[in-house]
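These numbers come from the heavy atoms of this one structure, side chains and all, not from hydrogens, waters or symmetry mates. In listed order, ligands and their atoms are each counted from 1.
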Amino acid sequence: MTVGQHWLTVEPLEARAFAPFGDVIEAGRGAAPRTINEGFAQRFDALARLDVGRDGGQAMLSLFRAKPRPMPFQLRLVERHLRGSQAFIPYPPQRFLVVIAPPGPAPTREQLRCFMASEGQGVNYAAGTWHHPLIALDDGGDFLVIDRHADDDDCEEHSLLEAGVWVKA
Ligand SMILES: NC(=O)N[C@@H](O)C(=O)O
Ligand code: NI
């Protein structure tokens, strides 16, 4: 039974606040860049902890061509990938919404957090982090996704429809 509407507060995506859930991917965060190629490029290394090798997993780079979600938006579900991380990087840069909850038992609606990723930011969900499937905004767009490829189905879902959770951006 839906118990009224529970609106999530949209927080700006920031590495420290996101740390319990994974990494914020953005140039300039973390180690200082290295100048390479005779000064014609800078390398920003290790922007995320990719965890994709468990149980025979291998890294997979995919492209998601995402349609924008209608706003205001009722969250449909959260899912988790227990055996691997999952990174989303808009390409070209664009803002998008991230809804997550800490690893552990299926979250209550009070445990959900919503972050606005600004242009130039991406996210890497740590293995086991509950998250809503990709929430693209505005005109939608392409996202590079780096996650674990294996023969198992590492995606557990938990419906939010009965919880009446909404977000507006
Ligand atoms: N289904 C799929 O590959 N993507 C989801 O895991 C997601 O988090 O968007
Ligand atoms: Ni996912």
J.: Using atom types as modelled and distance alone, determine if a side-chain donor or acceptor of H149 lies under 3.5 Å from a backbone N or O of Q58.
T.: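 Pair absent, no side-chain N/O of H149 close to backbone of Q58.
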
J.: Which protein residues have a heavy atom under 4.0 Å from ligand 1?
T.: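 Within 4.0 Å of ligand 1, the protein residues are F64, E79, H81, Q86, F88, H131, P133, L134.
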
J.: Within the side chain of N124, is there an N or O that forms a donor-acceptor pair under 3.5 Å with the backbone of R49?
T.: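 Present.
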
J.: Would you find a donor on one side and an acceptor on the other, under 3.5 Å apart, between the side chain of R69 and the backbone of L134?
T.: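 Such a contact is found between R69 side chain and L134 backbone.
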
J.: With distance as the sole test, does R80 use its side chain to make a donor-acceptor pair with the main-chain N or O of A106 at under 3.5 Å?
T.: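 Not confirmed, R80 side chain does not pair with A106 backbone.
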
J.: Give a yes or no on whether the backbone of H81 and the side-chain of Q86 come within a donor-acceptor separation of less than 3.5 Å.
T.: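 No, Q86 side chain to H81 backbone: no donor-acceptor pair under 3.5 Å.
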
J.: Could you give me the CA-CA distance, side-chain angles and deciding distance for F96 and F88, then say whether ring pair (Phe, Tyr, Trp, His ring centres under 6.0 Å) is met?
T.: CA-CA 10 Å; F96 65 106; F88 291 84; 7.3 Å; no

J.: How close do L82 and A127 get, counting heavy atoms only, and between which atoms?
T.: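 Answer, listing the atom of L82 first, then A127: O-CB, 3.7 Å.
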
J.: With a cut-off of 2.8 Å, how many protein N, O or S atoms neighbour the Ni ion (ligand 2)?
T.: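 Every protein N, O or S atom under 2.8 Å from the Ni ion (ligand 2) counted, the figure is 4.
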
J.: Are any side-chain N or O atoms of H132 and backbone N or O atoms of R76, one a donor and one an acceptor, separated by less than 3.5 Å?
T.: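 Such a contact is found between H132 side chain and R76 backbone.
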
J.: Side-chain donor-acceptor pair under 3.5 Å between H158 and E79, yes or no?
T.: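 Side chains of H158 and E79: no pair found under 3.5 Å.
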
